[in-house]
Amino acid sequence: MRKDCVEIDDLFDQLDTCRNTRFHAVHLFHRYFFRVTDKKLSINLSTIASPAQSLRECNNSSTHSRASSSEDSDDESSGGDWDDASDAASDDTVVVKGEQVSGYESESDNWQDGQEAVTWDTALGSLALCVKFHRDFLGPLSPVYAYEFLDIARHSVSYQDLEVSQRDILSACSFSLGSITPQGLMDELWLALPTLRKATEPLKDGWKSVQVEIWDMLFDALTEPDILQFPVSLLTASALLDGLIIAIARHYKTEADTETWRFQRNSGCRCPAPSTCMPENTTKQVPWQVYVSKAIDAVKDVVLDVTDILQIRDADLERCRAWMSQVGCE
């Protein structure tokens, strides 16, 4: 394999194996635009208001100048010349306005293209910063170089553009990248809570299967810009509890299905109606909500421990869990 392929594989490997990097990059992307939106909005509003303000000032100035000239001069011909000049100026203004409208349309197209380019530059800068933050360069791993990020860009990006985008992000976020990530919180909770470890013991893949559910929920939540209304700790706690419930509920359902299959396989019943020889609970389809309710009862102690150790209020936790349950449900 060629050397450049191996180096590109380093970046892909980082993104594939480190969920923290992907989550952190998207979260940082949201944070940047949240920080700069208010400033950009005020700039845009002032830009829109300035032409109208300039027009009013121009009209006021013209009226004042006309009044002064009529007072300084009694020549009626001058007045007529002024009116003709005013009419000509008015016609020219209409033409200029027409040109401004057409020019604005072209500028609007260019502005949209520029916005898209800036958005992708920011996405690339966020990714580069988070890879630097989470990437371990000790052997056998190797650094991820700048040209590797430039190669995956959807448009032409120079090294200078990449550096500028990273500086803009750092400046907007006050050089605070936000080192609190979900995986760190999950690892600490796993070590600190015996109730969490006990709840995952019956599961086939244990804690690993729960983490898969947690990350699926967190990545779904990242598609919503209003994810920033909740701190990362609250998002992680909500995803952990709901992911644990789903994993346990699936375990209960798998056990029930397996028990039904085993009974049917081992049963040597030759009756015309085999269902009369089978337990009632093996012939009826159990609703999914039954398993969920059973799982909720099994994790009550985990909920209490998580809210206590993270100092989360019950109302905040319920609000976040309700919000996350609505994300990606369509």
Please step through side chain to side chain contact (heavy atoms under 4.5 Å, CB included) for the pair Ile309 and Asp305, ending with a clear verdict.
CA-CA 6 Å; Ile309 198 171; Asp305 288 344; 6.0 Å; no
Side-chain heavy atoms of Arg321 within contact of Glu318, under 4.5 Å
yes
Of all heavy-atom pairs between Ala25 and Leu127, which one has the smallest distance, and what is that distance?
CB-CA, 4.0 Å
Are Leu241 and Val299 packed together at the side-chain level, in the sense that at least one heavy-atom pair is separated by less than 4.5 angstrom?
no
Roughly how far, to the nearest 0.5 Å, is CZ of Arg250 from CD of Glu255?
15.5 Å
What distance separates Tyr145 OH from Glu148 CD, expressed to the nearest 0.5 Å?
8.0 Å
Could you pull out all residues at least two apart from Asp205 that satisfy side-chain hydrogen bond (donor to acceptor under 3.5 Å, both in side chains)?
none
So which heavy atom on Ile248 is nearest to which on Ala199, and how close?
CD1-O, 3.9 Å
Value for CG (Leu129) from CG (Leu170), rounded to nearest 0.5 Å, stands at 5.0 Å
Criterion side chain to side chain contact (heavy atoms under 4.5 Å, CB included) on Phe149 and Val157, from CA distance to verdict
CA-CA 9 Å; Phe149 296 102; Val157 182; over 6 Å; no
For the CG atom on Leu304, are there more than 12 heavy atoms of other groups (residues, nucleotides or ligands in this structure) within a distance under 6.0 Å?
yes
In short, salt bridge (charged side-chain N to carboxylate O under 4.0 Å, His left out) pairs touching residues 180-200 with sequence neighbours left out are none
Just wondering, do Leu196 and Trp207 contact through their side chains at under 4.5 Å, heavy atoms?
yes
Report the distance from atom OG of Ser238 to atom CG of Leu317, rounding to the nearest 0.5 Å.
4.5 Å
Quick one: does Tyr147's side chain get under 4.5 Å of Tyr159's, heavy atoms only?
no
Do you know which two heavy atoms are closest between Arg35 and Ala172, and how far apart they sit?
NH1-O, 2.8 Å
Could you walk me through whether Leu310 and Leu189 pass side chain to side chain contact (heavy atoms under 4.5 Å, CB included), step by step?
CA-CA 9 Å; Leu310 294 180; Leu189 290 173; 4.3 Å; yes
Contacts of His251 meeting ring pair (Phe, Tyr, Trp, His ring centres under 6.0 Å) (sequence neighbours excluded), chain-then-number -> none
Spatial distance of atom CE (Met217) from atom OG1 (Thr236) [nearest 0.5 Å]
12.5 Å
Set of side-chain hydrogen bond (donor to acceptor under 3.5 Å, both in side chains) partners for Ser293, sequence neighbours left out:
none
Please enumerate all residues that pass ring pair (Phe, Tyr, Trp, His ring centres under 6.0 Å) together with Phe230, with sequence neighbours excluded.
Trp323
Joint cluster assignment, Ile246 & Val286, ILVMFWY side-chain distance < 4.5 Å:
yes
Counting C-beta onward and ignoring hydrogens, is there a side-chain heavy-atom pair between Phe29 and Ile169 closer than 4.5 Å?
no
Got Leu162 and Asp121 here, is their nearest side-chain heavy-atom distance under 4.5 Å?
no
What closest approach, in Å, do Gly184 and Asn20 show between heavy atoms, and which atom pair accounts for it?
N-ND2, 4.2 Å
For Leu228, the side-chain contact (heavy atoms from CB on, under 4.5 Å) test, sequence neighbours excluded, returns His27, His30, Arg31, Phe34
Contacts of Ser165 that satisfy side-chain hydrogen bond (donor to acceptor under 3.5 Å, both in side chains) - sequence neighbours left out
none
Determine, using the 4.5 Å side-chain heavy-atom cutoff (strictly less than), whether Ile227 and Ile180 are members of one ILVMFWY cluster.
yes
Would you say the side-chain atoms of Arg22 pair up with the backbone N or O of Leu15, donor to acceptor, closer than 3.5 Å?
yes
Which atoms form the tightest heavy-atom contact between Leu235 and Leu218, and what is the distance?
O-CD2, 3.8 Å
Test of understanding: with ring pair (Phe, Tyr, Trp, His ring centres under 6.0 Å), list the residues that count as partners of Tyr291, not counting sequence neighbours.
none
What I'd like to find out is whether the side chain of His155 reaches to under 4.5 Å of the side chain of Glu116, using heavy atoms alone.
no
Say whether, by atom type as modelled, one donor and one acceptor occur between the side chain of Ser209 and the main chain of Gly206 under 3.5 angstrom.
yes
My understanding is that only residues two or more places apart in sequence, or in another chain, count here; which of them pass side-chain contact (heavy atoms from CB on, under 4.5 Å) with Gln160?
Ser158, Val164, Arg167
Quick one: closest heavy-atom pair of Ala247 and Glu213, and the distance?
CB-CG, 4.4 Å
Decide yes or no for Leu124 and Arg154: does some side-chain heavy atom of the first lie under 4.5 Å from some side-chain heavy atom of the second?
no
Is it the case that the side chain of Arg135 and the backbone of Ser142 share a donor-acceptor pair, with hydrogens and angles ignored and the cut-off at 3.5 Å?
yes
Sequence-distant partners of Phe133, ring pair (Phe, Tyr, Trp, His ring centres under 6.0 Å), two or more places apart
His24
Quick one: pull up SG in Cys130 and CD in Gln14 and give me the separation to the nearest 0.5 Å.
10.5 Å
With Val292 via side-chain contact (heavy atoms from CB on, under 4.5 Å) - residues at least two apart:
Ile245, Ala249, Trp288, Gln289, Ile296
Could you state whether Leu28 and Trp120 fall into the same hydrophobic cluster, counting links through intermediate Ile, Leu, Val, Met, Phe, Trp or Tyr residues with side-chain heavy atoms under 4.5 angstrom apart?
no
Under the criterion side chain to side chain contact (heavy atoms under 4.5 Å, CB included), I'd like the reasoning laid out for Asp242 against Ser325: C-alpha separation, chi angles, the key distance, then a yes or no.
CA-CA 9 Å; Asp242 290 337; Ser325 65; 5.7 Å; no
My understanding is that only residues two or more places apart in sequence, or in another chain, count here; which of them pass side-chain hydrogen bond (donor to acceptor under 3.5 Å, both in side chains) with Asp216?
none
